[in-house]
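Below is one structure, written out as structure tokens; comments come after it.
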Amino acid sequence: MPERREHSAWDKLHEECGIFAIYGHPEAAKLAHLGLHALQHRGQESAGIASSDGSMVYCHKDMGHVTDIFTADVLARLPGHIAIGHTRYSTAGDTALLNAQPFSVACSKGRVAVAHNGNLTNAPDLRRQLEKTGSIFQATSDTEVILHLVARSAERTISGALREALLMIDGAFSLVFLAQDRIIVARDPHGFRPLAIGRMNLRSGPAYVFASETCAFDLIDASHIGDVEPGEMVIAGPNGLEREFFTVPQRRAQCVFEHVYFSRPDSIVFGRSVQFSRERMGRLLATEKPVDADVVVPIPDSGVAAALGYSSASGIPFRHGLIRNHYVGRTFIEPSQAIRDFGVRLKLNPVREILRGKSVVLVDDSIVRGTTSQKIVRMVRNAGAREVHLRISCPPTMSPCYYGVDTPTKRELIAANQSIEEIRQFVGADTLAYLSLENLMKSVEDDGQSYCYACYTGRYPTDIVSVEELLASRVRS
Ligand code: AMP
């Protein structure tokens with residue numbers, strides 16, 4: 001993953017997350033731990049696991065990385081055959097641990113826990129209504145709203161209460177819910193965020209697993225048997241796997257950015273290989289925006305698959321001209337004599353022998369604010385490149401995401417405010433070109449799936465509450 005960008009006020013609304021759930025395994029929490037480890041790229045601020053042994057629900061969450069939080073001692077305190085897990089990237093600050101998931105509460109339906117990937121677009125409204133009638137919120141995350149709706153439901157069963165709650169929330173949600181004796185998972189009717197189903201064959205019978213991405217299944221030897229469908233609720237419990245639609249599915253609006261950047265290339269997301277999608281984006285980019293150059297160099301890791309595609313379609317050799325250091329901590333102490341572009345240099349270093357004197361096609365997946373790209377172009381030039389041609393494997397990012405991807409406000413999105421020529425000058429490249437929307441669609445839609453492209457088009461598939469309102473509600477809370 002490339003370097004995280006600075007936090008902005010907008011980031012407070014956004015939670016990029018990974019979720020995992022397992023039913024029917026004697027070491028459920030240990031497997032959830034492994035699953036979260038595979039989903040670490042989806043969020044690095046906090047992580048948590050809730051487990052159940054059929055009578056009690058246990059929960060542990062903390063700030064930091066999965067491997068640091070879940071020691072053997074901690075896992076020993078999470079017994080049971082049922083578990084859910086969550087890894088989260090969100091705003092820093094003292095409220096961060098309060099917002100870490102899973103949320104676990106005792107209510108009229110028993111002890112329950114929930115973990116959520118996505119953003120509820122009507123959470124501020126629902127929260128206001130709930131507060132007016134006495135609900136007390138502990139965190140600022142929209143996920144807590146779901147728990148309140150479940151707790152207040154007049155339905156007697158947990159699945160009935162959850163069904164009712166799901167019909168009241170709007171926006172993006174892939175949810176994993178733990179009740180004492182079962183897992184219930186659901187996906188919003190547009191299917192914005194992914195949620196895959198896996199199965200493990202144990203001697204005692206099948207165990208069922210659910211995860212944001214299938215790379216979590218590979219690590220635990222589970223086979224991918226399908227996806228939770230948009231508008232579907234799936235229960236894994238004493239009766240095996242039970243599936244039902246809690247609402248009529250809408251036109252699919254699966255997040256294309258999962259394929260562009262967010263998911264791991266070794267995952268199958270929305271039924272297709274992320275690696276193949278990215279290579280295809282790169283191939284189409286080469287056909288659409290060709291350039292006469294000596295070498296194709298990816299910006300690691302996000303640009304690697306598209307650069308391979310660009311190289312294979314153009315015939316220009318692929319070389320690793322930038323090497324990434326994967327062991328960069330968060331709080332590096334910079335020498336007082338400031339080093340130019342320190343942050344980027346910590347992560348990336350050029351291979352001068354590959355770049356010197358060359359005309360370089362530099363490939364990345366996206367430009368957001370443009371600041372990182374500017375530093376990398378400068379790094380490649382300083383390493384002796386004769387020309388730098390920046391190629392981006394998606395269209396210009398023009399509009400913020402309201403469905404769970406961390407994009408800044410329109411004001412900070414460079415492509416919302418400047419022409420491609422102005423961006424080229426800003427980043428300092430000899431040429432700059434993006435993949436067209438049409439070719440992005442071609443890269444992911446050949447199997448008849450349909451996607452949300454709102455970050456490129458500004459056309460949102462659901463009603464959106466204003467940013468100011470969302471922010472104001474967070475400040476009040
Ligand atoms: P910048 O040039 O500063 O706009 O940064 C561009 C880099 O940010 C690219 O390498 C992208 O892969 C990366 N990027 C894009 N979206 C995100 C995101 N939601 N979270 C973290 N990094 C991202």
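Remember, it's 1-based here, ligands and their atoms both numbered in the order they're listed.
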Show me which atoms of ligand 1 lie under 4.0 Å from any heavy atom of [X].
{"X": "Arg369", "value": "1 (P), 4 (O)"}
{"X": "Ser373", "value": "1 (P), 2 (O)"}
{"X": "Ser302", "value": "10 (O), 12 (O)"}
{"X": "Thr372", "value": "1 (P), 2 (O), 3 (O), 5 (O)"}

Parallel, tilted or perpendicular for Phe192 and Tyr403, by the 30°/60° rule?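 Taking Tyr403 first and then Phe192, their aromatic rings lie parallel (interplane angle under 30°).
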
Fit a plane to each ring of Tyr453 and Tyr451, take the angle between them on a 0 to 90° scale, and name the class: parallel (under 30°), tilted (30 to 60°) or perpendicular (over 60°). tilted

Are Arg391 and Tyr310 in a cation-pi setup, meaning NZ or CZ lies under 6.0 angstrom from the ring centre and within 45 degrees of the ring axis?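 The answer is no; the distance or angle limit is not met.
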
What I want to check is whether the side chains of Gln40 and Gln44 have a donor and an acceptor closer together than 3.5 Å.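 Note: Gln40 and Gln44 side chains miss the donor-acceptor criterion.
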
Which is it for Thr371 and ligand 1 at heavy atoms under 4.0 Å: side chain, backbone, both or neither?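 It is both backbone and side chain that touch ligand 1.
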
Under-4.0 Å heavy-atom contact with ligand 1, by part of Phe262 that carries it: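 Within the 4.0 Å criterion, Phe262 makes no contact with ligand 1.
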
By salt bridge (charged side-chain N to carboxylate O under 4.0 Å, His left out) - contacts of Asp227 (at least two apart):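 With neighbours one apart ignored, the set is empty.
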
Which residues pass the salt bridge (charged side-chain N to carboxylate O under 4.0 Å, His left out) test with Arg278, sequence neighbours left out?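 If we apply the salt bridge (charged side-chain N to carboxylate O under 4.0 Å, His left out) test to Arg278, skipping adjacent residues, there are no hits.
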
Any nitrogen or oxygen of Val405, main chain or side chain, under 3.5 Å from a nitrogen or oxygen of ligand 1? no

N/O separation below 3.5 Å, Val368 to ligand 1: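 There is such a contact, yes.
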
Does ligand 1 have any atom sitting under 4.0 Å from a heavy atom of Gln374?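 Per 4.0 Å heavy-atom rule, Gln374 does not contact ligand 1.
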
Between Tyr261 and His259, is the ring centroid distance below 6.0 Å? no

